[in-house]
There are 2 protein chains.
Amino acid sequence: MDTSEKQPVRAKRADARRNEKTLLDAAAATFVASGVDAPVREIAAKAGVGMGTIYRHFPTRADIIVAVYRHQVDACADAGPALLADSTSPHTALARWLDMFVDFLVTKHGLAAALRNDQTGFETLHAYFVERLVPVCAELLDAAIAAGEIRADIGAYELMRGIGNLCIFADQDPHYDARRLTGLLVTGLLLARTA
Amino acid sequence: MDTSEKQPVRAKRADARRNEKTLLDAAAATFVASGVDAPVREIAAKAGVGMGTIYRHFPTRADIIVAVYRHQVDACADAGPALLADSTSPHTALARWLDMFVDFLVTKHGLAAALRNDQTGFETLHAYFVERLVPVCAELLDAAIAAGEIRADIGAYELMRGIGNLCIFADQDPHYDARRLTGLLVTGLLLARTA
DNA sequence: GACTATACGGAGCGCTGTTCCGTTTGGCAA
DNA sequence: TTGCCAAACGGAACAGCGCTCCGTATAGTC
């Protein structure tokens with residue numbers, strides 16, 4: 001392996017670094033204002049750069065989105081083990097963690113839909129979310145199974161995929177509450193209940 | 001009310017009626033081949049008509065879809081009361097009926113996503129499905145509540161919307177089974193269980 | 001056969017994402 | 001300081017989409 005990261009031959013130019021930062025800020029602002037589906041031109045315009053620039057820094061839409069939300073995804077991933085330690089039962093921890101996940105998805109207009117839209121080059125985005133969050137979910141799930149609380153016939157990926165789906169367009173319909181549906185799903189995992 | 005339906009002044013022209021039929025067949029075939037998202041041009045081409053024709057018969061994409069699937073939706077709606085009569089319990093009937101609904105959505109590539117895509121003029125489609133199916137779901141739900149089988153804090157609309165969401169992109173991912181997730185959700189409705 | 005409401009075809013508009021290439025500029029070496 | 005060139009930039013241009021508009025063709029009637 002040739003060392004860690006940078007300095008292959010020369011460092012990134014100062015204006016490039018500046019533009020990358022500008023673009024990230026503009027993208028974040030645009031996502032809040034117009035949703036994750038916002039036209040690339042809109043982000044470029046807000047950042048005051050050309051189309052070429054945005055595509056050089058982020059070859060695909062998914063790269064922008066991943067970059068914008070990366071630390072939030074990481075925070076969500078980190079919260080898993082913490083919840084497991086703090087909660088009264090693994091199933092409670094799982095439920096709480098999934099609530100966090102739902103909050104994250106729902107507050108980003110259209111993120112859930114974009115995540116699912118694999119066909120148009122969102123594999124990268126999908127891959128990052130899966131890679132980062134599925135192991136955490138699996139840990140919580142396994143703990144709950146080991147504790148004899150829930151059934152063992154569902155995988156972490158499938159569960160997260162389902163919950164992700166429940167969040168699609170959740171922000172566009174006042175008569176729909178993704179958290180309630182998620183709660184139902186998580187309750188359905190339980191092996192037995194007495195009330 | 002001025003009578004029932006047709007004959008306002010003159011009947012539809014023969015070629016128009018012929019084209020409508022041709023278009024419906026072409027649309028159905030195209031949906032199977034390329035999914036519900038298929039370009040309008042593709043349907044027009046397959047039917048051998050111009051863009052103008054297709055838009056005159058079906059002012060919006062949703063109208064084509066509704067027309068193509070109308071009788072299937074109706075069949076699904078009709079199945080509700082029948083299941084209620086035949087099943088051992090209202091909850092079982094509900095579960096079975098929702099399975100039918102899931103099968104219907106999953107086999108039509110992209111239908112579920114289109115249904116949710118309210119922003120681009122799919123309100124009509126959404127409205128037709130809601131108007132036709134929600135009352136049926138409500139009937140099943142109420143029966144199960146009356147029987148003391150399930151919790152009473154969820155509406156038919158929200159439940160169907162959730163299940164519809166679970167079906168989005170279900171056909172594109174071999175590791176995902178919309179039926180299993182739906183089952184979990186329906187199980188979560190139960191008030192108590194003993195195994 | 002003539003006339004007209006009805007229906008048709010497809011060019012064209014506006015909006016996407018993405019590419020391509022001529023132009024500008026940061027950073028280093030002389 | 002100056003000169004150089006790889007790196008970075010900007011935006012015109014292309015392709016594909018939904019949808020509209022209007023000149024043309026024709027079914028049905030008199």
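Letters A, B, ... mirror the listed sequences (proteins, then strands); counts begin at 1.
- Atom-to-atom, CZ of B:Phe58 to P of C:dA7 comes out at 13 Å; the value is rounded to the nearest Å.
- To the nearest angstrom, P of D:dT26 lies 12 Å from CZ of B:Arg18.
- Considering CH2 of B:Trp97 and CE of B:Met160, their distance stands at 4.0 Å, rounded to 0.5 Å.
- Grouping the Ile, Leu, Val, Met, Phe, Trp and Tyr side chains by contacts below 4.5 angstrom, directly or via other members, places B:Leu181 with B:Met100.
- Here the C1' atom of nucleotide D:dC19 and the OH atom of B:Tyr55 are 5 Å apart, to the nearest Å.
- With respect to the salt-bridge test (charged N to carboxylate O, under 4.0 angstrom), the residues A:Arg179 and A:Asp99 do not qualify.
- In this structure, A:Asp63 atom CG and C:dT18 atom P are separated by 10 Å, rounded to whole Å.
- For B:Asn19 and C:dA7, the shortest distance from a side-chain N or O to OP1 or OP2 is not below 4.0 Å.
- Judged purely by atom type and a 3.5 angstrom limit, A:Asp171 has no side-chain atom pairing as donor or acceptor with the backbone of A:Val106.
- Contact check, A:Arg13 against D:dA6: no side-chain N or O comes under 4.0 Å of OP1 or OP2.
- Regarding contacts with the backbone of C:dA7, every side-chain N or O of B:His57 stays at 4.0 angstrom or more from both OP1 and OP2.
- Closest approach of B:Ala16 and B:His57 over heavy atoms only: O-CE1, 3.3 Å.
- If you check residues 39-48 of chain B against DNA chain D, the residues with a heavy atom closer than 4.0 Å are B:Pro39, B:Val40, B:Arg41, listed by number.
- A distance of 10.0 Å separates CZ of A:Arg61 from CG of A:Leu125, quoted to the nearest 0.5 Å.
- Looking at the side chain of B:Met51, the nearest of the listed nucleotides C:dA11, C:dG17, D:dC9 is C:dA11.
- Where B:Ala16 and B:Gly52 meet DNA chain C, the nucleotide closest to each residue was compared, and B:Ala16 sits on the side nearer the 5' end.
- Between B:Asp15 atom CG and D:dA27 atom P the separation is 6 Å, expressed in whole Å.
- Side-chain nitrogen and oxygen atoms of B:Thr53 include at least one within less than 4.0 Å of the OP1 or OP2 phosphate oxygen of C:dG9.
- Atom CD1 of B:Ile54 is separated from atom P of D:dT20 by 13 Å (rounded to the nearest Å).
- Atom pair A:Lys12:NZ and C:dT25:C1' shows a separation of 17 Å (rounding to whole Å applied).
- Formation of a donor-acceptor pair under 3.5 Å by the B:Asp63 side chain with backbone atoms of B:Thr60 is found in this model.
- The 5' end of DNA chain C is approached more closely, in terms of each residue's nearest nucleotide, by B:Arg17 than by the other of B:Arg17 and A:Pro59.
- Counting only heavy atoms from C-beta on, B:Arg56 has its side chain closest to C:dA7 among D:dG18, C:dG27, C:dA7.
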